[in-house]
Enquirer: 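Pasting a structure below so you can have a look.
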Amino acid sequence: MGVDLSKYNNSWYDTGGSKFKVALWFIVKGIVFLNPLFPFVGFKVSVLRMFGAKVGRGVIIKPSVNIKYPWSLEIGNHVWIGEMVWIENHCKVTIGNNACLSQGATIMTGNHNYKKTTFDLIIKSVTLEDGVWIGANAIVCPGVICGSHSILTVNSVANQNLEPWWIYQGNPAEKIRERVMEG
């Protein structure tokens, strides 16, 4: 017996917003966030707050950023979010202070149960603690906690927690060396 997507049912899943709110967000997201010609950071932060996101001071959001549901997003102070970052937050994503998500990075809170014929949706929150750097095109999988000042290097995949102050690389990401700060 194989996968039967005709039996897929995620009716249990609640987006956290009404159908109207979700539809309005998709329209606004297309105009303000996904649009590569819309560079107005302060306006983006205000829009996120209007839709229920908690956003700190000094946050930079570059063009072409895809955020699934802002009401499930918490961003600390002085966070940088690069071009084409995808925050796929079916549930809560928390980004600490002074964190950086480089171009094309992906934060995923959803996946599917490949062992079930119904391919059930699985969701788990993601936390990026203070000072975390997610490299370009790197992926953080559902349920992962990236410890304080950890680094996930370019094109790497974190499918388990990252320890504070360590640099991780590869797929799956492995600890390669300690992060040492200068100055």
Side-chain angles (χ1 to χ4, degrees), residues 15-17 21-111 123 125-142 144-159 162 167-171 173 179 181-183:
T15 64
K21 184 177 183 179
V22 170
L24 182 60
W25 169 247
F26 282 176
I27 293 167
V28 170
K29 175 173 67 169
I31 296 167
V32 176
F33 288 86
L34 296 176
N35 182 349
L37 303 176
F38 198 96
F40 309 106
V41 173
F43 186 73
K44 290 178 187 179
V45 167
S46 295
V47 168
L48 284 177
R49 288 180 181 143
M50 285 189 322
F51 276 92
K54 295 177 183 169
V55 184
R57 299 177 318 278
V59 172
I60 303 295
I61 303 170
K62 295 292 188 171
S64 301
V65 170
N66 191 354
I67 298 168
K68 185 81 169 179
Y69 300 124
W71 46 89
S72 296
L73 181 61
E74 187 172 325
I75 303 172
N77 298 319
H78 307 289
V79 171
W80 295 350
I81 300 176
E83 290 90 346
M84 299 177 68
V85 164
W86 182 23
I87 301 174
E88 185 266 327
N89 57 332
H90 287 287
C91 59
K92 188 165 186 176
V93 168
T94 304
I95 302 171
N97 299 320
N98 301 297
C100 177
L101 283 75
S102 292
Q103 300 84 345
T106 300
I107 308 300
M108 300 180 66
T109 62
N111 204 341
I123 59 172
S125 62
V126 170
T127 300
L128 309 181
E129 294 181 350
D130 293 350
V132 166
W133 179 14
I134 306 301
N137 297 311
I139 299 172
V140 179
C141 293
V144 170
I145 298 170
C146 297
S148 175
H149 293 83
S150 59
I151 296 175
L152 182 63
T153 63
V154 170
N155 286 321
S156 295
V157 178
N159 59 10
L162 306 185
I167 301 170
Y168 289 79
Q169 182 177 43
N171 180 9
R179 181 179 186 181
M181 304 291 290
E182 298 176 358

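From a predicted model like this one, the values you see are computed outputs, not experimental measurements.
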Enquirer: Go through the structure and list residues passing side chain to side chain contact (heavy atoms under 4.5 Å, CB included) with N98, not counting sequence neighbours.
Expert: H78
Enquirer: With distance as the sole test, does R179 use its side chain to make a donor-acceptor pair with the main-chain N or O of I151 at under 3.5 Å?
Expert: no
Enquirer: Please report the C-alpha distance between I67 and N89 in whole Å, then the side-chain angles of each, then the deciding distance to 0.1 Å, and finally whether the side chain to side chain contact (heavy atoms under 4.5 Å, CB included) criterion is met.
Expert: CA-CA 7 Å; I67 298 168; N89 57 332; 4.1 Å; yes
Enquirer: Which residues satisfy the salt bridge (Lys or Arg N to Asp or Glu O under 4.0 Å) test with K92, sequence neighbours excluded?
Expert: E74
Enquirer: Just jot down the side chain to side chain contact (heavy atoms under 4.5 Å, CB included) partners of N66, sequence neighbours excluded, or say none.
Expert: K29, L34, W86
Enquirer: Kindly write out the residues that satisfy side-chain hydrogen bond (donor to acceptor under 3.5 Å, both in side chains) with T153, not counting sequence neighbours, or none if the list is empty.
Expert: S156
Enquirer: Could you work out, with side-chain hydrogen bond (donor to acceptor under 3.5 Å, both in side chains) as the rule, every residue matching Q169, not counting sequence neighbours?
Expert: none
Enquirer: Quick one: list whatever passes side chain to side chain contact (heavy atoms under 4.5 Å, CB included) with V154, sequence neighbours left out.
Expert: A136
Enquirer: Give me each pair satisfying salt bridge (Lys or Arg N to Asp or Glu O under 4.0 Å) with a member in residues 38-57, each pair once, sequence neighbours excluded.
Expert: none
Enquirer: Can you sort out the partners of V59 under side chain to side chain contact (heavy atoms under 4.5 Å, CB included), two or more places apart, ordered by chain and number?
Expert: V45, V55, I61, I75, V79
Enquirer: Using the salt bridge (Lys or Arg N to Asp or Glu O under 4.0 Å) rule, collect all pairs that involve residues 125-135, keeping only residues at least two apart or in two chains.
Expert: none
Enquirer: List in chain and number order the residues that pass ring pair (Phe, Tyr, Trp, His ring centres under 6.0 Å) with Y69, two or more places apart in sequence or in another chain; answer none if no residue qualifies.
Expert: W71
Enquirer: Can you list the residues that meet the side-chain hydrogen bond (donor to acceptor under 3.5 Å, both in side chains) rule with S102, with sequence neighbours excluded?
Expert: W133
Enquirer: I need the full list of ring pair (Phe, Tyr, Trp, His ring centres under 6.0 Å) pairs touching residues 34-57, with sequence neighbours left out, sorted by first then second residue.
Expert: W25-F51, F38-F40, F38-F43
